Amino acid sequence: MAPSNMVKAGDFASITALTRQAVANALGFTLAHIGVNGLDAQDGIQMARRMSHIFGLPIKDGLKSAFSGTMVEFSKGGLPGKNGHIGIGTINVARAMHFLERRGATFREEYRHYDGKVALDAIYLDEEIGGFAIHIVRRA
C-alpha cells in the first residue's frame with residue numbers, strides 16, 4: 001500500500017496519511033443528492049414538480065419526500081437540517097460510520113434506515129454544517 005521508499009525511510013506520517021486516503025477512496029464518498037426542506041407534503045411535492053418540469057426530470061414521490069430525478073430531494077416536512085440536507089453516497093454505510101466515528105462524528109439513531117433486511121441503507125450525522133444535515137446513504 002505504501003511505496004518502498006517511504007517504508008525504508010520510516011516515513012510513518014506519510015504512510016499513515018496515504019492509508020487514510022486509501023480507506024476514504026475505498027468508501028467511495030460522492031455527492032448523492034441535495035435535500036430541500038418543504039413546509040409540508042403539499043409544499044414538498046409542488047417544489048419537486050416544478051424542478052422536474054423545468055429540467056425534464058422524473059418525479060419519485062415517497063412517503064416523507066419527493067425526488068426530482070436523483071439530484072434533488074424535497075422533504076414533505078420533518079426531515080433534519082435547518083436548511084435541508086446534503087446526501088453523501090458511500091459503498092457501505094456501516095463502514096463509513098466507523099470511518100467517520102474515528103473522526104469524531106456521531107449519528108442520529110432515530111434516522112438509522114435499513115434496506116428492509118439487514119443492510120444499513122442510510123443515517124444522519126448528529127451535527128449540521130452550515131444549517132444542512134449530513135445524510136449518509138448507500139449508493140445504488
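Just so it is clear, the model here is predicted, and its values are computed rather than measured.
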Compute whether any side-chain donor of one residue and acceptor of the other, for S65 and S75, lie under 3.5 angstrom apart. no
T16 backbone acceptor or donor facing T19 side chain under 3.5 Å: yes
Counting only heavy atoms not in R20 (residues, nucleotides, ligands), do more than 12 fall under 6.0 Å from its CZ? no
So H135 and H33, do their side chains get closer than 4.5 Å, heavy atoms only? yes
Would one find more than 12 heavy atoms of other residues, nucleotides or ligands at under 6.0 Å from atom CD of Q42? no
Hey, which of R95, M97, H113 is the one that makes side-chain contact (heavy atoms from CB on, under 4.5 Å) with L120? M97
Could you tell me whether the side chain of F67 reaches within less than 4.5 Å of the side chain of L57, counting heavy atoms only? no
Find out whether I91 and L27 are in side-chain contact, i.e. whether some heavy atom of one side chain is under 4.5 Å from a heavy atom of the other. no
Could you walk me through whether V36 and V72 pass the side-chain contact (heavy atoms from CB on, under 4.5 Å) check? CA-CA 7 Å; V36 178; V72 185; 4.0 Å; yes
How long is the gap from CG on L100 to CD1 on I123, to the nearest 0.5 Å? 10.5 Å
With D121, which residues qualify under salt bridge (charged side-chain N to carboxylate O under 4.0 Å, His left out), at least two apart? R138
Is any side-chain heavy atom of I88 closer than 4.5 Å to a side-chain heavy atom of T30? no
Would you please test H85 and F132 for ring-ring contact (aromatic ring centres under 6.0 Å, His included) and show each step? CA-CA 5 Å; H85 68 270; F132 288 88; 8.8 Å; no
Heavy-atom side-chain contact between I134 and I129 under 4.5 Å: yes
Kindly indicate, with the supporting measurements, whether the criterion side-chain contact (heavy atoms from CB on, under 4.5 Å) is fulfilled by E73 and L79. CA-CA 11 Å; E73 178 183 18; L79 290 181; 4.1 Å; yes
Flag the pair S68 / F74 as yes when at least one side-chain heavy-atom distance between them is below 4.5 Å, and no otherwise. yes
More than 12 foreign heavy atoms under 6.0 Å from CD1 of I54: is that the case here? yes
Are the side chains of T90 and V137 in contact, using a 4.5 Å heavy-atom criterion? no
Taken to the nearest 0.5 Å, the spacing of Y124 OH from R112 CZ works out to 15.0 Å
In terms of relative ring orientation, are F99 and F29 parallel, tilted or perpendicular, with 30° and 60° separating the classes? tilted
Under a 4.0 Å threshold between the charged nitrogen and the carboxylate oxygen, would K76 count as salt-bridged to D61? yes
Where the side chain of K82 meets the backbone of G130, is there a donor-acceptor pair that is under 3.5 Å apart? no
How is the hydrophobic cluster of I45 composed, in terms of its other members, when Ile, Leu, Val, Met, Phe, Trp and Tyr link through side-chain heavy atoms under 4.5 Å apart, directly or indirectly? I59
